Peer 1: 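Please find one structure pasted underneath; my questions will follow.
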Amino acid sequence: MAFGDKHQEPTEIFLENEKLSIHDLPIFTRSQLSQYNGTDKPELYVAIRGYIYDVTANVKSYGPGKGYHAFVGKDASRMLGLNKLKLPEGDDSWYTDDLTDKQQKIIDDWTTFFKMRYHIVGVVVDHY
C-alpha cells in the first residue's frame, strides 16, 4: 500500500476503518458536530469528506487553544485542501468541487493520514 511517496503498511486503526460501512455509522448534523470541540463536549472530532474522526487522543494538537483546533467540530476538507487554518467569512468549510486536482489530492492525502491514525466515529450531513 503506497501513501504519498512512501510505502507504508496499514495500521490496525486503518484496517478497522476500512471495515466500516457508512450505513452503520451515526449521522451528525453540522451543528451536532460543532459541539465536539473539547469544550461543549469533551471529545474532539474532525471531519474530512464527510467522515468524522475522533482526534481526542491528540489533545496536544487539536485541543482548545492548540494549533489544529481550527479543524475541530467541522468538516475541514476545504481548509486542508487550501492549506488554511481559517477561511473567509461565508466560505463553506467542506465544499471542494471548485478546488484544483492538486488541492483534491492534498485532501485525499489528509484523508489517508487521518484514516491511519484516528477512528471514524460517524458521518456529517450537509445541513444544520
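Values reported hereafter were calculated over all heavy atoms of this structure, with side chains retained and with hydrogens, waters and symmetry mates removed. The structure displayed is predicted, hence computed values, not measured ones.
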Peer 1: Could you walk me through whether V121 and Y45 pass side-chain contact (heavy atoms from CB on, under 4.5 Å), step by step?
Peer 2: CA-CA 9 Å; V121 294; Y45 289 176; 3.7 Å; yes
Peer 1: What are the two closest heavy atoms between I120 and K115, and how far apart are they?
Peer 2: CD1-CE, 4.4 Å
Peer 1: So that I can tick it off, tell me whether D101 and K105 are bridged by a salt bridge, with the cut-off set at under 4.0 angstrom between side-chain N and carboxylate O.
Peer 2: no
Peer 1: Applying salt bridge (charged side-chain N to carboxylate O under 4.0 Å, His left out) as the test, list every pair that has at least one member in residues 42-67; sequence neighbours left out.
Peer 2: R49-D108
Peer 1: With heavy-atom distances below 4.5 Å as the criterion, would you say the side chains of I52 and V46 are in contact?
Peer 2: no
Peer 1: Using the side chain to side chain donor-acceptor pair (under 3.5 Å) criterion, which residues pair with S61? Sequence neighbours excluded.
Peer 2: N58
Peer 1: Nearest heavy-atom pair of Y62 and V72: which atoms, and what distance?
Peer 2: O-CG2, 3.3 Å
Peer 1: Starting at OG of S77, measure out to CG of L82 and round the result to the nearest 0.5 Å.
Peer 2: 10.5 Å
Peer 1: Flag yes if more than 12 heavy atoms outside N83 fall under 6.0 Å of its CG atom; otherwise flag no.
Peer 2: no
Peer 1: Is the number of heavy atoms from other residues, nucleotides or ligands under 6.0 Å of E18 CD greater than 12?
Peer 2: yes
Peer 1: I'd like to know if the side chain of T56 and the backbone of L44 have a donor-acceptor N/O pair within less than 3.5 Å.
Peer 2: yes
Peer 1: T11 side chain to M116 main-chain N or O, any donor-acceptor pair under 3.5 Å?
Peer 2: yes
Peer 1: Find the distance between CD (Q103) and CG (D98) and round it off to the nearest 0.5 Å.
Peer 2: 8.0 Å
Peer 1: Contact between T29 and V124 at the side-chain level, heavy atoms closer than 4.5 Å - yes or no?
Peer 2: no
Peer 1: Applying ring-ring contact (aromatic ring centres under 6.0 Å, His included) between F114 and each of Y53, Y68, F71, F14, report the one that passes.
Peer 2: Y53
Peer 1: If you round to the nearest 0.5 Å, how far is OG1 of T111 from CD of Q104?
Peer 2: 10.0 Å
Peer 1: Out of curiosity, does L25 fall in the hydrophobic cluster containing I13 (side-chain heavy atoms, cut-off under 4.5 Å, transitive links)?
Peer 2: no
Peer 1: Do I48 and I107 come close enough that some side-chain heavy atom pair is under 4.5 Å?
Peer 2: yes
Peer 1: Look up atom CD in Q35 and atom NZ in K41, then write down how far apart they are to the nearest 0.5 Å.
Peer 2: 5.5 Å
Peer 1: State the CG-NE2 distance between L20 and H119, to the nearest 0.5 angstrom.
Peer 2: 9.5 Å
Peer 1: Can M79 and K86 be said to form a side-chain contact (heavy atoms from CB on, under 4.5 Å), step by step?
Peer 2: CA-CA 7 Å; M79 296 167 73; K86 185 170 172 69; 5.7 Å; no
Peer 1: Quick one: closest heavy-atom pair of A70 and L85, and the distance?
Peer 2: CB-O, 3.2 Å
Peer 1: Tell me which one of T112, N17, L15 satisfies side chain to side chain contact (heavy atoms under 4.5 Å, CB included) with P10.
Peer 2: L15
Peer 1: May I ask you to check whether over 12 heavy atoms, not counting those of I27, lie within 6.0 Å of atom CD1?
Peer 2: no
Peer 1: Rounded to the nearest 0.5 Å, what separates atom CD1 in I106 from atom CG in L99?
Peer 2: 9.0 Å
Peer 1: With sequence neighbours excluded, what pairs up with N37 under the side chain to side chain donor-acceptor pair (under 3.5 Å) test?
Peer 2: D40
